[in-house]
Structure formats: C-alpha cells, structure tokens
*Asks:* 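After the structure tokens below, expect a handful of questions from me.
A note on names: the letters A, B, ... follow the listed sequences, proteins ahead of strands, and every chain is numbered from 1.
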Amino acid sequence: MSFEPKNSAVKWVEDRLPITGMLHHALYEYPTPKNLSYWWTFGSLAGVMLVVQIVTGVVLAMHYTPHVDMAFNSVEHIMRDVNYGWLLRYMHANGASMFFIVVYLHIFRGLYYGSYKAPRELLWWLGLVIFLLMMATAFMGYVLPWGQMSFWGATVITNLFSAIPVVGESIVNWLWGGFAVGNPTLNRFFSLHYLLPFIIVGVVILHIWSLHTSGSNNPTGLDLKDKQDSIPFHPYYTVKDLFGLAIFLIFFSAFLFYAPNYLGHPDNYLPANPLVTPAHIVPEWYFLPFYAILRAVPDKLGGVMLMFGAIAVLFALPWLDKSRVRSARYRPIFKQLFWVFVADCVLLTYIGGKPPEGAFIIWGRIATIYYFFHLLILLPVVGLLEKPKPLPASISEDVLSKKPVVEEAANA
Amino acid sequence: MLKLVKSLSIAALVSLTVLGNAQASGDAIELKEVDWEHGGIFGTYDRAAAQRGLQVYREVCSGCHSLKLVAFRSLADLGFNEDEIKAIAAQSDYSDGPDKDGEMFDRPGKPSDKFPSPFANEQAARASNGGALPPDLSLLVKAREDGDDYVYSVLTGFEEAPAGFTVPEGMHYNAYFPGHNIAMPPPLSADAVEYSDGTPATVEQMAHDVTVFMTWAAEPKMEVRKSMGLKVILFLLILAAIFYAVKRKVWADLH
C-alpha cells in the first residue's frame, strides 16, 4: 500500500519531501492488530498529555517570572489577573499528574502483555528514557512556583547527589550554581523545564518509529501473521482512541475543575522560606514509590543507588524475563505475580507518602525487597519453570473463537 | 486462584489505607466541620457573609495581618459597586512617585492597589508581635489542609488550657492550632464589629464570615471554575457518547 496523492499541490510537495506519505503511513494505513483492547489507548493519551503540557506551559511561561523574589507572586498573578490564567495553571499542574497516570498505566500494560520482549527491546528502552525525562521535567517544574515544597523538594532531591563519594559536594554546588538552592538554581530549572519537553517530543518520535517498525503488540502477544490479523489504524483505532480520550478528559476535568489542589500539597501555597523546614517534605505522588525505596535504605548512597536501580533494572527486563510467551494471558503463574507486583508498587506509593517511622519503615523495606525480588529473581525463574497455556494459532483465530461467546452472552 | 490473589491484595491495600488514615487522623486534630455555602460542585460564595467578612478583616485582622495579593478592584466579585470600591480603597494612603521633582508623595488608594500591609517589613511585624510573624492571609486557606474548616476552628478554638498543659509566656492555648500554643491572642470577642445588616456579631458569626472572605481571597476564581467545569463535563459526556456510537458503527463491519 503506497500513498498516491490526488491533489497536485500535495503531489508537488510529496515528490520533493515525502512527509504526507509518511504521515499517511503512520496515522492511516499503519497495519494494527485487530484485537487491541482499551489498555492500548494510553499511549495516544500520553501523546495528547504531552501536547497539553507543552501548549499550556508555553503560555504560562509568557506570564511567569523565574526569580526568587518574584516567582511565587507571578504564579499568583497568573491565578488572579491573567485571563483564564487559573485554567492554564491548573491544567498544567494537574496535567502533569494525568500524564503520569496514563504513562504508568501504559507501562503496566507493557509489563502484563510482555511488550518489552524481542523485537521491541529498543521500543521499551525509548519508553523508559521518556519516563526518565518526564521525571526530570516534572521535578523541575514543581520547583518553579517557589513555594515551600518547591524549595525543600529541590533541596532534598539535589542533595541526593552529595552521596556520590569524593565529588558529591562539588556536583551539588555545580547543580545549584551556588552554595544553596537559590536564584541560579531556579533560573536553570526554568530553562531546562522548558527545554526537556521538546527532547521528550524527539524521543517520542523515535518511540513511535520503533513501534511502527516492529508493529504493535496485542493481548495475545502473537505476531501479525496474515492480512486477516490486522486492520488499518484509521478509522478503527483513531475512533477508538478518540472515545478513550473523551472518557479520559472527563476524569481529567473532574480534578481540574472540582479538586484542582487535591493532588498538590498545601505547603506550596506558602512562599519558599530557607529558614523554615516543613514538618514532612513529600514529593509529588508520582515520585512516592521511588521515594519509599530511597528511604528504605538506612545508608544515603545505598538509598540513592537503589532508587536509580529501581528504574535501571527495568532496562534489563527484556533479558530478565526468560519466557518466550509474551502475553500474561497464557502465563498462569506470571499473571498472578504481575498483580502482586502491582500491589507492591501501590504499597510503595502509599509508604512513600507516610513519615518514615514505626511500621512504615518495615513495610517500606519489605515492599522494596519484593520489588527487586520480583524483577531480578521471580521473572527469570518463573520464565524457565512455568508451563504456558496453549497459544492460539493466530490473532484472527483468537478473535473468532471469542465471537460466539459474546453473542451468546448478548442473547442470554 | 487468580481471583483470590487479586481480592487478597486489594483487601490488604484497602485495610492498609484505612488503617493509615485512621492513624493519621489519630495524631492530627479533628477540625470543626462547617457546612459551607461555597462547598460542593455547585457551591458559590455567600456574598453577604463575605462582605461582612471583609468588615471583620478591615476592623480586626488587618491590624496585624496583610492581604498582599488581593486588589481592591477584585472586591467587585463580592458584589461591591465601583463607587463603593473607590471609597474603600481611598481610606488608605499609599506612597507613590517619584514626581517630576523627584519626591515621593502620599496619595489615597485606588481600586488597582492591593490591600495595604500593616507593617513595613517582616522585622517590624515581628517586633510588634513579640517575635511572632502574623502570616499574610491572601492564600492561608489554601495553605492549610481543609483550610476553611481550619481557619474557622482556630478562630473559635481559644479556650482554657487543660490541666497539666503549660502555655509559655506570650502564647495562648488554642484547641485546633497544631501544638496548641499560638502567639495570636484571641482576635474576636462578641460585638467586636457592628454589622450594618443587623446580623448579631457573635464570635462564631464573625469567624464564619471572615473565613468565607478569606476563602474567596485565596481562590477568587472558584465560581467561574465550577460553572465552566459543569459545561465542559456535560460537553464531554455528549462527545463521548457520539464517539462511542461512531466507534460501534465503524467497527460493526469488521469480522
């Protein structure tokens, strides 16, 4: 299937720069497995959220002042004086959370259906790179309003680098541009917070390029075998994704319009004060599992290494998981362990938001150990020992075998 | 088996969350819960209460607490007309300039001015308040967990310290302030202000009114936000229904 422009102007451009054909291939004819569930919507939702964040962010930057004496009030100026400034700022602040929600669901979907396995290892890596860039961007963005949590969050996180032996202190001073978090820090964070999303766009393009090279995974985990297995992306998945988008936007709107500060911390409505430390310094919710892992280790350097290790280990996932079967649907033991792993991640999130005392420390350690135990021990062992269920011959066969059941259920 | 594992892990999580919250609320102070008119999906600010609250702020609170982020002109939100706003603004003097001779001069306030601060700087504020800094009230309601209930509770929470609780010199016992020792003396006493609409100025009434005013000061766009949200969500529901119908139709021919 190749693209034959009918319009002469489009053809003129196409002969010189085949961009329309490329987009046509990527968004129209891209052969997609016919059996994708709604769990496959979150990739496009993440793309939408990236655009929402960039558009609202660019406009917010027109009204924001990155200076320690003015940043806090310039955000309040946006909230009070700029036309629909409150809408832009709440969209951007809640949008960050929404972005992480869809990306986490996207990642867990990949884990469940084995989307990281050959030939999609690079696709998985690029996704993890996007995730890391998102975390850096979100962290620096949270510093910009220059509230108490902005300042103290920045202080705690940048101080993690002081755990590095010998050069740690120098690195921290270099990051700060001084001897404490201050105006140079705020300025560089603003600059990088503006830059990184565009780098994310670049990696997203590579991510989609890689996706379209190996093709989408699907609930059976089987490869596309013949024409029967696939349908063109448009109109089937464009319309399915649009429906998913509308539902997701309702969820987003509920927070945006009715609980815009629910996901934030009240202390960030206090201007940054280097002389007053908040009682509990907590990062944004999407960092809590990693914060829990950091605090599970009594040693600073050990905690930092384990926290970064929690993401680094995900890069090795394609080789840690020894099973040749992709989808959890045909892996009875892996399927149960997957849900235990999800529960473990939720537990880590919960522990990360609690003060490090009493039972929370014990539970944090158990959950941290289990996180690594699952990825480093259980996955390889289960992959070798587990006897997978019989796989259907093809995606089509699987879809057809389910059809009558659905109709019976509808008739009953 | 899978279902068992799932339901067990969900049960474990739910119980953990409930336990955790119970524990959290165990050491936190239970605030008074007020049924605010500005609460809920359709809630709007009680204009009369907010106007009375402005009076309480101006006659009582503003002696120590600034309201730096709020401009007089925004009082239009609370139902004041232009002349009333001009009159309120003109009651304070502002230093302006320099004029063409290079001199600073005093002029009456304008609607575009922000509320004047009682102290020139933090040091002056601390010097006048036994070392304590009276916080700015512009965002206080948003800077506390359940801010409106919190402010109301603290304002009505001054009482005798329980036996065995020592209140340090210059501090006051408050049932709802974290740690119970607050530097602010009880700010409200019955009939501290005289309401022009005849509402009896009890401590509870004044605390209620000034809390409504402060909630508006912290989140002045709440009403437009909620009403826009309703329209947006209704629109999205219809849009989702249409997309769903289109999706069904497009997918119907697929075998």
*Asks:* Charged N to carboxylate O below 4.0 Å: is that the case for K34(A) and E397(A)?
*Replies:*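 Judged by the 4.0 Å cut-off on N to carboxylate O distance, K34(A) and E397(A) do not form a salt bridge.
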*Asks:* Using only non-hydrogen atoms and a strict under-4.5 angstrom cutoff, which residues of residues 124-149 of chain B touch chain A?
*Replies:*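 Near chain A, by residue number: S138(B), L139(B), K142(B), A143(B), R144(B), E145(B).
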*Asks:* Is the ring centre of W216(B) less than 6.0 Å from the ring centre of H38(B)?
*Replies:*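 No, they do not, as the ring centres are separated by 6.0 Å or more.
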*Asks:* Can you measure from NZ (K335(A)) to OG (S327(A)) and round to the nearest 0.5 angstrom?
*Replies:*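 Here the interatomic distance stands at 8.0 Å.
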*Asks:* Measure from the ring center of Y371(A) to the ring center of F341(A) and say whether it is less than 6.0 Å.
*Replies:*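 Y371(A) vs F341(A): aromatic centres under 6.0 Å.
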*Asks:* Is it the case that the ring center of Y45(B) lies less than 6.0 angstrom away from the ring center of W36(B)?
*Replies:*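 Between Y45(B) and W36(B), which both carry aromatic rings, the centre distance is not below 6.0 Å.
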*Asks:* Against chain A, label V232(B) side chain, backbone, both or neither, depending on which of its atoms sit under 4.5 Å from a heavy atom there.
*Replies:*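 When you check distances to chain A, only side chain atoms of V232(B) fall under 4.5 Å.
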*Asks:* Among M222(B), E219(B), K221(B), who wins on heavy-atom pairs under 4.5 Å with chain A?
*Replies:*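 That would be K221(B).
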*Asks:* Check whether I242(B) gets within reach of chain A through its side chain, its backbone, both or neither, counting any heavy atom under 4.5 Å.
*Replies:*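 Neither part.
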*Asks:* Do the side chain of D344(A) and the main chain of V340(A) share a donor and acceptor less than 3.5 angstrom apart?
*Replies:*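 Checking the backbone N and O of V340(A) against the side chain of D344(A), no donor-acceptor pair under 3.5 Å is found.
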*Asks:* Could you pull out all residues at least two apart from D113(B) that satisfy salt bridge (Lys or Arg N to Asp or Glu O under 4.0 Å)?
*Replies:*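 D113(B) satisfies salt bridge (Lys or Arg N to Asp or Glu O under 4.0 Å) with R107(B) once adjacent residues are dropped.
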*Asks:* Would you verify whether the NZ or CZ of K247(B) falls within 45 degrees of the ring axis of W251(B) while also being under 6.0 Å from that six-membered ring's centre?
*Replies:*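 Yes, K247(B) sits over the ring of W251(B).
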*Asks:* Under a 4.5 Å heavy-atom cut-off, does chain A meet the side chain of A217(B), its backbone, both or neither?
*Replies:*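 Only the backbone of A217(B) comes within 4.5 Å of chain A.
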*Asks:* Of the backbone (N, CA, C, O) and the side chain (C-beta and beyond), which part of D81(A) lies under 4.5 Å from a heavy atom of chain B, both, or neither?
*Replies:*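 Just the side chain, heavy atoms under 4.5 Å.
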*Asks:* Pick one: which of F251(A), Y258(A), F257(A) meets ring pair (Phe, Tyr, Trp, His ring centres under 6.0 Å) with F255(A)?
*Replies:*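 For F255(A), the ring pair (Phe, Tyr, Trp, His ring centres under 6.0 Å) test succeeds with only one of F251(A), Y258(A), F257(A), which is F251(A).
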*Asks:* Just checking Y28(A) against F233(A), ring centres under 6.0 Å apart?
*Replies:*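 No, ring centres 6.0 Å or more apart.
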*Asks:* So which of P266(A), P271(A), G85(A), A246(A) has the largest heavy-atom pair count under 4.5 angstrom toward chain B?
*Replies:*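 Sorted descending by pairs with chain B, the first entry is P266(A).
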*Asks:* Can K240(A) be said to sit on top of Y38(A)'s aromatic six-ring, NZ or CZ under 6.0 Å from centre and within 45° of the ring axis?
*Replies:*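 Yes, a cation-pi geometry.
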*Asks:* Tell me if a side-chain donor or acceptor on N268(A) pairs with a main-chain N or O of S150(A) at a distance below 3.5 Å.
*Replies:*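 Flag set: sc N268(A) to bb S150(A) pair under 3.5 Å.
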*Asks:* Just checking heavy atoms, which of residues 64-79 of chain B are less than 4.5 Å from chain A?
*Replies:*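 Only L69(B), V70(B), R73(B) of residues 64-79 of chain B have a heavy atom under 4.5 Å from chain A.
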*Asks:* Shorter than 4.5 Å, heavy atoms on both sides: which option in E76(A), H265(A), R80(A), H77(A) has the most such pairs with chain B?
*Replies:*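 Between E76(A), H265(A), R80(A), H77(A), the count favours R80(A).
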*Asks:* Taking side-chain contact (heavy atoms from CB on, under 4.5 Å) as the definition, give me every residue that meets it alongside S153(B), ordered by chain and number, with sequence neighbours left out.
*Replies:*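 Expected list: L31(B), K32(B), Y176(B).
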*Asks:* Might you work through the side-chain hydrogen bond (donor to acceptor under 3.5 Å, both in side chains) test for Y262(A) and N94(A), ending with a clear yes or no?
*Replies:* CA-CA 9 Å; Y262(A) 179 77; N94(A) 286 282; over 6 Å; no
*Asks:* Select one option (side chain, backbone, both, neither) describing which atoms of L242(A) are under 4.5 Å from chain B's heavy atoms.
*Replies:*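 Both backbone and side chain of L242(A) come within 4.5 Å of chain B.
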*Asks:* Side chain, backbone, both or neither: which part of A241(B) has a non-hydrogen atom closer than 4.5 Å to chain A?
*Replies:*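 Neither part; nothing is under 4.5 Å.
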*Asks:* Would a distance-only check, ignoring hydrogens and angles, find a side-chain to backbone donor-acceptor pair under 3.5 Å from R295(A) to G352(A)?
*Replies:*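 Present.
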*Asks:* Sort I231(A) into side chain, backbone, both or neither according to what part of it lies under 4.5 angstrom from a heavy atom of chain B.
*Replies:*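 Looking at I231(A), just its side chain touches chain B.
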*Asks:* Taking V239(A), T238(A), N73(A), L256(A) one by one, which has the highest count of heavy-atom pairs under 4.5 Å against chain B?
*Replies:*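 Among V239(A), T238(A), N73(A), L256(A), the one with the most close pairs to chain B is V239(A).
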